Amino acid sequence: MTVLEVKQLKKSFGAIRAVDDISFSVKAGEVFTIIGPNGAGKTTTLEMIEGLVPPDQGEIKFGELNWDKHADQIKMKIGVQPQSSAMFDLLTPEENLNLFSTFYTSARPTEEILELINLTEHRNNHVKKLSGGQRQRLAIGLAMISDPEIIFLDEPTTGLDPQARRNIWDIILQLKALGKTTILTTHYMEEAEKLSDRVCIVDQGKIVTLDTPASLIEQLTQEREVHLSFIDGAEAAEQAELFMTKLESVTRTERNQASLKIWTTKPEDTLYELFKFTKENNYHVEQVSIHEMSLEDVFIAFTGKEWRD
Ligand code: ATP
């Protein structure tokens, strides 16, 4: 079931086309991630969907509901992670949650939210004393207080250390287990790959590609990158490189001293030929690995640009 549909969304700020014709739909219960480099248009897209920024053009529908006619109904359906500045620093997490719950006609018990965001232990500390990760968890808790069907999280892990980031991932997975729909933005590819049912890669206001992480990566796997190094040093690597370039399946090679990278359309066949060659010539391979393709490779393949976190 589709819970959100966005069609031909556009937004410019002066000469900057922040969002340039974006369309997608989100299904109930999925983690849908919008990923892209800085300035790609992620936040602007989210803010238009959340009803915070009016689009120049396009359509946003939550089932049959739209912002023009059904704003109050939509507000009951969605939860938006507030920027940390919207929290009250001199109140505790518990007091913040209790306060936010008074904004809604029905709310999830504060106790339950504290548990979900793993802040029960810190319930009575002032927010200003919390770490960055704890504040972000509270922000997610505040988005959850009205028990919404759809939760919007805008870069909830940016700037957090790896452990704090993982704690947020756990919460997102718990939201999924509760049957919630989560729309997430991030510029961490690993995060998108781990959490998302579907990933929408954006760059310069446009969708580059959209699919499940596995399908996006699968599209690339015609060519794999094999890394090798030789105990016998640069000469062995050079000879192996010469031999490999003659194989039909090998499209490219790159050598640095005793290390060799090979791009091949048939990794198994190529490795079989390689080991036959090294055995015959009494060369010894120290290490061999097949580079795992990731969403980073998808981004590079579609945009021709390097990916930078
Ligand atoms: P980041 O990862 O850095 O948050 P983003 O993908 O969320 O980036 P947006 O914040 O949506 O990108 O910005 C898209 C483009 O629109 C950027 O060039 C940004 O400078 C510009 N922009 C966004 N909001 C405004 C605004 N209120 N006024 C002028 N320009 C804006």
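Only a predicted model underlies this, so the values are computations on that prediction, with no experimental measurement involved. Ligands are counted one by one from 1 in listed order, and the atoms in each one are counted from 1 as well.
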(request) Indicate whether atom 20 (O) of ligand 1 is within a distance of less than 4.0 angstrom of some protein heavy atom. (result)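 It does not; no protein heavy atom is within 4.0 Å.
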
Can you tell me which residue and heavy atom of the protein come closest to [atom], and the distance to 0.1 Å?
atom	result
atom 16 (O) of ligand 1	A18 CB, 3.3 Å
atom 12 (O) of ligand 1	G41 N, 3.1 Å
atom 22 (N) of ligand 1	F13 CD1, 3.5 Å
atom 18 (O) of ligand 1	I16 CG2, 3.7 Å
atom 14 (C) of ligand 1	G39 O, 3.4 Å

(message) In terms of relative ring orientation, are H227 and H291 parallel, tilted or perpendicular, with 30° and 60° separating the classes?
(response)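 Judged by the thresholds at 30° and 60°, the geometry between H227 and H291 is parallel.
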
(message) Counting only heavy atoms closer than 4.0 Å, does ligand 1 sit against the backbone of T43, its side chain, both, or neither?
(response)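 For T43, backbone and side-chain atoms both sit under 4.0 Å from ligand 1.
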
Report yes if some heavy atom in the side chain of [X] is under 4.5 Å from a heavy atom in the side chain of [Y]; otherwise report no.
X	Y	answer
E155	K42	yes
N125	T92	no
D89	R135	yes

(request) Taking only heavy atoms of H187 into account, list the atoms of ligand 1 that are under 4.0 Å away from them. (result)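 Within the 4.0 Å cut-off of H187, ligand 1 contributes 2 (O).
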
(request) Number the atoms of ligand 1 from 1 as they appear, then name those within less than 4.0 Å of a heavy atom of T44, with their elements. (result)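 Counting atoms of ligand 1 from 1, those under 4.0 Å from T44 are 9 (P), 11 (O), 13 (O), 23 (C).
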
Decide, yes or no, whether a salt bridge links [X] with [Y] under the criterion of side-chain N to carboxylate O below 4.0 Å.
X	Y	answer
K10	D21	no
K305	D203	yes
D197	K27	no

(request) May I ask whether E155 has any heavy atom positioned less than 4.0 angstrom from an atom of ligand 1? (result)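 Under 4.0 Å: yes for E155.
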
(message) Below 4.0 Å from ligand 1: does a non-hydrogen atom of P37 turn up there or not?
(response)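 Contact check P37 vs ligand 1: positive.
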
(message) Are any of the N/O atoms on G36, whether in the backbone or the side chain, positioned under 3.5 angstrom from an N/O atom of ligand 1?
(response)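 Checking ligand 1 against G36, no N or O pair falls under 3.5 Å apart.
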
(request) May I ask you to check if ligand 1 and A40 share an N or O to N or O distance below 3.5 Å? (result)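 Min N/O separation from ligand 1 is below 3.5 Å for A40.
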
(message) Using the side-chain hydrogen bond (donor to acceptor under 3.5 Å, both in side chains) definition, which of the options T43, T45, D154 pairs with T185?
(response)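 Passing option: D154.
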
(request) State which residue, out of T110, L138, L99, L119, fulfils the side chain to side chain contact (heavy atoms under 4.5 Å, CB included) condition with E94. (result)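 It is T110; the other options fail the test.
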
